[in-house]
Number of protein chains: 2
Amino acid sequence: MTFSKYDLLKLENQICFPLYACSREIIKRYKPFLDEIDLTYTQYIVMMVLWERRTVNVKELGEYLYLDSGTLTPLLKKMESKDLLTRTRSAVDERNLIIEITEQGEKLKEQAINVPMQMAQCSALEPGEAAELYRILYKMLGRSEG
Amino acid sequence: MTFSKYDLLKLENQICFPLYACSREIIKRYKPFLDEIDLTYTQYIVMMVLWERRTVNVKELGEYLYLDSGTLTPLLKKMESKDLLTRTRSAVDERNLIIEITEQGEKLKEQAINVPMQMAQCSALEPGEAAELYRILYKMLGRSEG
DNA sequence: TATAATTAAATTGTGCTCAATTTAATTATA
DNA sequence: TATAATTAAATTGAGCACAATTTAATTATA
């Protein structure tokens, strides 16, 4: 077996590529389940934050989800028009936009409960592997946990 | 500690979310290095295939990269206009579009060689962790290797 | 061998994603 | 307290990503 400096440029030697491919493949697997509750994947993770916290501002939301206002602003406007959340300027500091879940948004949680269960069926990983994957990914993200 | 059926809906209990976030964060880290050789990340992985194989058709390329013609067609047209590759219908079967690397494209490999080296500096993972991550991701993708 | 079925790209339309810039509000400083 | 610096969202523009449909070529079948 001989090695070349070009080996580093082979697709099979990249760590980012399977990460990128895997992320998109799994999001595709979510699609049929998310279609049933009329959410895109990005809308779904926004709802996850709101189901836990009820209220959050755009900056915090962006930090949680690693998304910026260029992505979030139009997304949140669309979700507001779907009556999943409200957008209100903070009275204390008008630079901040406060996102709050609506009753409709809360209700959706009951239907969404089936999504992670259905997705779990799709995974080919052993529980230990999933845990290890989880740990490594959060290490890469530079957080100790979620 | 009490558990609820809603725990499954918490962002911190998802495996897809850190995958999705991590993928985008790493691609962002590539950007300054890829800017130097005037490639986007998607163009970079197309070039990786061409640096290894010189020639490939769109269907095969899509299988390697998990991308469809809706993504690849405009991408490849742009790369053709940058003189990185040529697009030619197969004489044997005109449904197939043959992508071939140009001399320019070959030359770019010399500059690109620095990209994986520079990226390696950015990684916070131990070699063993990177290997394990790699193994698990390809298992999820349903391939034995890259 | 006409017709039907299949296949490979291209096209269309929707929805992110992000860098860079702008706008408006707040805070720090001369 | 005016002015400068900082901050949070919004805006703009470029580039994917993908589902669904269309077009054109090839293969299978009646």
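In what follows, every chain begins at residue 1, and chains take the letters A, B, ... in the order their sequences are listed.
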Quick one: [X] [atom1] to [N] [atom2], roughly how many Å, whole number?
| X | N | atom1 | atom2 | result |
| --- | --- | --- | --- | --- |
| A:Asp93 | D:dA8 | CG | P | 8 Å |
| A:Ile27 | D:dC18 | CD1 | P | 9 Å |
| B:Asp35 | D:dG15 | CG | P | 12 Å |
| B:Arg24 | C:dC16 | CZ | C1' | 10 Å |
| B:Leu61 | D:dA17 | CG | P | 12 Å |
| A:Ile98 | D:dA8 | CD1 | C1' | 12 Å |
| A:Gln43 | C:dT17 | CD | P | 11 Å |
| B:Glu25 | C:dC18 | CD | P | 7 Å |

For this session: Assess the pair A:Tyr20 and B:Tyr41: is the distance between their ring centroids shorter than 6.0 Å?
Result: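 So the answer is yes for these two rings.
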For this session: Step by step, work out the side chain to side chain donor-acceptor pair (under 3.5 Å) result for B:Tyr134 and B:Glu129.
Result: CA-CA 8 Å; B:Tyr134 183 95; B:Glu129 287 175 326; over 6 Å; no
Problem set entry | Near-strand residues of residues 73-91 of chain A, defined as heavy-atom separation under 4.0 angstrom from DNA chain D |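 The stretch gives A:Thr73, A:Lys77, A:Arg87, A:Arg89 as the residues lying under 4.0 Å from the strand, ordered by number.
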Please determine, for [N], whether a Watson-Crick or G-U wobble partner exists with both distances under 3.5 Å, and give it or none.
| N | value |
| --- | --- |
| D:dA30 | C:dT1 |
| D:dT6 | C:dA25 |
| C:dT17 | D:dA14 |

Exercise. If you group Ile, Leu, Val, Met, Phe, Trp and Tyr by side-chain heavy-atom gaps below 4.5 Å, do A:Met47 and A:Ile98 land in one group?
Worked result: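 Unlinked, A:Met47 and A:Ile98 end up in two clusters.
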Exercise. Per the atom types in the model, does the base of C:dA10 pair as donor or acceptor with the side chain of B:Ser69 at under 3.5 Å?
Worked result: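 Present.
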Touch class at under 4.0 angstrom, heavy-atom based, for [X] against every strand present:
| X | result |
| --- | --- |
| B:Thr40 | sugar-phosphate |
| A:Thr71 | base |
| A:Leu67 | sugar-phosphate |

Problem set entry | Pairwise 5' ranking along DNA chain D for A:Asn57 and A:Lys28, keeping only the more 5' one |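 Of the two residues, A:Asn57 wins.
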Exercise. Quick one: on DNA chain D, does B:Thr42 or B:Val92 contact a more 5' nucleotide (nearest heavy atom)?
Worked result: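 Comparing both residues, the 5'-ward one is B:Thr42.
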Exercise. What nucleotide among D:dA19, C:dT6, C:dA9 has an atom nearest to a side-chain atom of A:Lys31?
Worked result: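 That would be D:dA19.
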For this session: Could you check which of D:dA24, C:dA19, C:dT26 has an atom nearest any side-chain atom of B:Arg95?
Result: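 Output: D:dA24.
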Exercise. If you measure from CD1 on B:Ile27 to CG on A:Leu19, what distance do you get to the nearest 0.5 Å?
Worked result: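 Output value for this atom pair is 8.0 Å.
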Exercise. When rounded to the nearest 0.5 angstrom, what distance separates CG in A:Leu133 from NZ in B:Lys139?
Worked result: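 One finds 11.5 Å between CG of A:Leu133 and NZ of B:Lys139.
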Exercise. Checking B:Thr102 side chain against B:Leu84 main chain: does a donor-acceptor pair fall under 3.5 Å?
Worked result: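 Checked: pair present.
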Problem set entry | Sidechain-backbone polar pair: A:Lys82 side chain, A:Asp38 backbone, donor-acceptor under 3.5 Å |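 Confirmed, A:Lys82 side chain pairs with A:Asp38 backbone.
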Exercise. So does A:Asn96 get a side-chain nitrogen or oxygen closer than 4.0 Å to the phosphate oxygens (OP1/OP2) of C:dT26?
Worked result: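 A:Asn96 to C:dT26 OP1/OP2: no side-chain N or O under 4.0 Å.
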For this session: Verify the contact: side-chain N or O of A:Tyr66 to OP1 or OP2 of C:dT17, cut-off strictly under 4.0 Å; return yes or no.
Result: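 No, A:Tyr66 has no side-chain N/O under 4.0 Å of OP1/OP2 on C:dT17.
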